[in-house]
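Okay, so here's the structure we're looking at.
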There are 2 protein chains.
Amino acid sequence: MSLSTPAAATEVPAGQRDRATHELRDRLIDAALVEFAASGFDGASTRAIARRAGAHQPQINYHFASKEDLWKATIERLLSEFDELIPLLAGAPPRDQFAAVIRALVEFAAIRPELNRIMIHEATSSSDRLEWLVETHLRWRAGPLLEVWDEVVAVGGAAPVPRELVYHLLIGASALLNANAPEARMLFGIEPTDACIVAAHADALVAMFLPTHP
Amino acid sequence: MSLSTPAAATEVPAGQRDRATHELRDRLIDAALVEFAASGFDGASTRAIARRAGAHQPQINYHFASKEDLWKATIERLLSEFDELIPLLAGAPPRDQFAAVIRALVEFAAIRPELNRIMIHEATSSSDRLEWLVETHLRWRAGPLLEVWDEVVAVGGAAPVPRELVYHLLIGASALLNANAPEARMLFGIEPTDACIVAAHADALVAMFLPTHP
DNA sequence: GTCTATAATTAGATAGAC
DNA sequence: GTCTATCTAATTATAGAC
């Protein structure tokens, strides 16, 4: 009926309508994730998000209850992508598990810098959004990571990093290069998403966090 | 005359006037640095900054040409504080120099998290502000750091980190814990500015970047 | 579901009295 | 230098025709 209905016609009307809905909803999230990552929650405007999605601004309030609701949807989209990449290595030696997590973090930061950008923006001050982020998404994900670290420390071959600091040292060292990629490009003329940079980055962190690793 | 004129009366009128001016200008920067750090450039409002400084919003445009001008003044204030803390160790062994820089970075991130917060906000997307930051303040400060790193690598005892990555790995690992202190407090119940945490943080980074260090 | 129009609020900046 | 009042533009969200 309108210019935003995409291809793939031959289908039940109801299904078609649902499909169209989801597609704009998804496009809005795609656009929001970039804008929120670039400017933070307050700095990003719903108009800019709608424009990037090729939609009109009021459509955001049709598909989402509020700007904050859209923000939460983008977080959940990004975290589900994140979870797909994170390896499940229960049973493997602790150091192999932790090394695999390091590599996955570095890789994800390169292909999807937006998640870390949004989190870094959000965590600079207390807010209801940060509390929501921590309590519903971060705490249960961080727990297992620290437990694996404890095991690595017990087994030996871990850098002398206290468990309360591992999370932020690891996220900082793995995420900042890509979260702040525009700065890295200007300062050093590098492209942080290049495969060789990603590999060197991951190797460096594995060597630093797991020093006696082969 | 008004409720915002501070104490300290017995002085020359001219001197008093200059003092008052500089005091408000400084208070505005003090306030701006907190607001910009918490919300980013777009997210911070001049009204909130003025309120925090105990002034009225139009006074910002009296003491500064624009919001951007105020932002630049806060950067320069923060960087001058930073420079006071950074050690000048020319002549010392490269590894001692680099270890001292690591410790200074960690310490500064703890006592003045605002600089890293602002930079992290700003560097998530290209902008004239980021270019100004990189070209007038970051490049010449980063250069010597990389040169010291090269020397450490040459001497031996450095982690296998390519020179183009050292900067962001080091800043990320040293700054994020305090830049995102509200998150660290919620997640782990720690206070990242505590002296023991700062010391443990610095020790960990020295051990990781300079593995064969005593 | 989409679109135009608009309400209600807030933004940065300026004018002018004091 | 300070303060009140205000301008212009931009913000999120809603109403209602289609």
Side-chain angles (χ1 to χ4, degrees), chain A residues 1-6 9 11-29 31-32 35-36 38-74 128-129, chain B residues 1-9 11-29 31-32 35-36 38-74 128-129:
Chain A
M1 282 324 136
S2 68
L3 43 125
S4 64
T5 44
E11 207 146 7
V12 214
Q16 207 175 14
R17 211 160 30 228
D18 288 349
R19 265 272 248 60
T21 302
H22 289 150
E23 280 182 10
L24 176 55
R25 221 190 103 98
D26 282 355
R27 283 210 319 279
L28 286 170
I29 293 179
E35 296 289 332
F36 284 135
S39 316
F41 180 81
D42 292 316
S45 84
T46 56
R47 283 183 152 76
I49 293 168
R51 193 182 323 122
R52 181 181 290 271
H56 293 97
Q57 184 258 344
Q59 296 193 265
I60 286 179
N61 290 94
Y62 176 79
H63 290 281
F64 303 92
S66 65
K67 184 183 181 182
E68 184 163 327
D69 195 48
L70 170 58
W71 181 86
K72 287 183 177 176
T74 70
D128 290 346
R129 288 193 306 277
Chain B
M1 279 314 145
S2 69
L3 43 126
S4 64
T5 44
E11 206 145 9
V12 214
Q16 207 176 13
R17 208 157 35 223
D18 288 349
R19 265 272 248 59
T21 301
H22 288 148
E23 280 181 9
L24 176 55
R25 220 189 104 98
D26 282 354
R27 283 210 318 280
L28 286 171
I29 294 178
E35 296 289 332
F36 284 135
S39 315
F41 180 82
D42 293 317
S45 84
T46 56
R47 285 182 154 81
I49 293 168
R51 193 183 322 123
R52 182 181 288 272
H56 294 97
Q57 184 259 343
Q59 296 194 266
I60 287 179
N61 290 94
Y62 176 80
H63 290 280
F64 303 91
S66 65
K67 184 184 181 182
E68 184 163 327
D69 195 47
L70 169 58
W71 180 85
K72 287 184 177 176
T74 70
D128 290 345
R129 288 194 306 277

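Computed over heavy atoms, backbone and side chain alike; hydrogens, waters and symmetry mates excluded. Naming: A, B, ... by sequence-line order, numbering from 1 per chain.
At C:dG12, none of the side-chain N or O atoms of B:Q57 fall inside 4.0 Å of OP1 or OP2 (strictly under the cut-off). Side-chain nitrogen and oxygen atoms of B:H56 include none within less than 4.0 Å of the OP1 or OP2 phosphate oxygen of D:dA5.
The backbone N or O of B:Q57 lies less than 3.5 Å from no partner atom in the side chain of B:R47, so there is not a single donor-acceptor pair.
For A:K67, the listed nucleotide lying nearest its side chain is D:dA13; candidates were C:dG12, D:dT4, D:dA13. With C:dT6, C:dT2, C:dA13 as the choices, the nucleotide that has an atom nearest any side-chain atom of A:L24 turns out to be C:dT2. Checking D:dT12, C:dG12, D:dC3 against every side-chain atom of A:T46, the shortest atom distance belongs to D:dT12. With D:dA15, C:dG12, D:dT4 as the candidates, the nucleotide lying closest to the side chain of B:S45 is C:dG12.
Rounded to an integer number of Å, the gap from CG of B:D42 to C1' of C:dT10 is 14 Å. When the P atom of D:dG16 is taken as reference, atom CD of A:Q59 falls 19 Å away, rounded to whole Å. Protein atom CD1 of A:I60 is 17 Å distant from nucleotide atom P of D:dA10, rounded to whole Å. Summarising the geometry, the separation between CH2 on B:W71 and C1' on C:dA13 is reported as 20 Å, rounded to the nearest angstrom. The separation between B:Y62 atom OH and D:dC3 atom P is 12 Å, rounded to whole Å. When the P atom of C:dA13 is taken as reference, atom NE2 of B:H63 falls 15 Å away, rounded to whole Å. In this structure, B:R51 atom CZ and D:dC3 atom P are separated by 16 Å, rounded to whole Å. If you take CG of A:D69 and P of D:dT12, they are 15 Å apart, rounded to a whole angstrom.
Counting any heavy atom pair closer than 4.0 Å across all strands shown, B:A48 reaches no nucleic acid atom. Within 4.0 Å of A:A44, counting heavy atoms only, lie sugar-phosphate atoms of the nucleic acid but no base atom.
Here the straight-line distance linking atom CZ of B:F64 with atom CD1 of B:I49 works out to 9.5 Å at 0.5 Å rounding.
The aromatic rings of A:F41 and A:F36 sit parallel, their planes meeting at an angle under 30°, below the 60° perpendicular limit.
Shown here for B:E35 and B:A48, the closest heavy-atom pair between the two residues is OE1-CB, 3.8 Å. Residues B:L28 and B:A50 come closest through the heavy atom pair CD2-CA, 4.3 Å.
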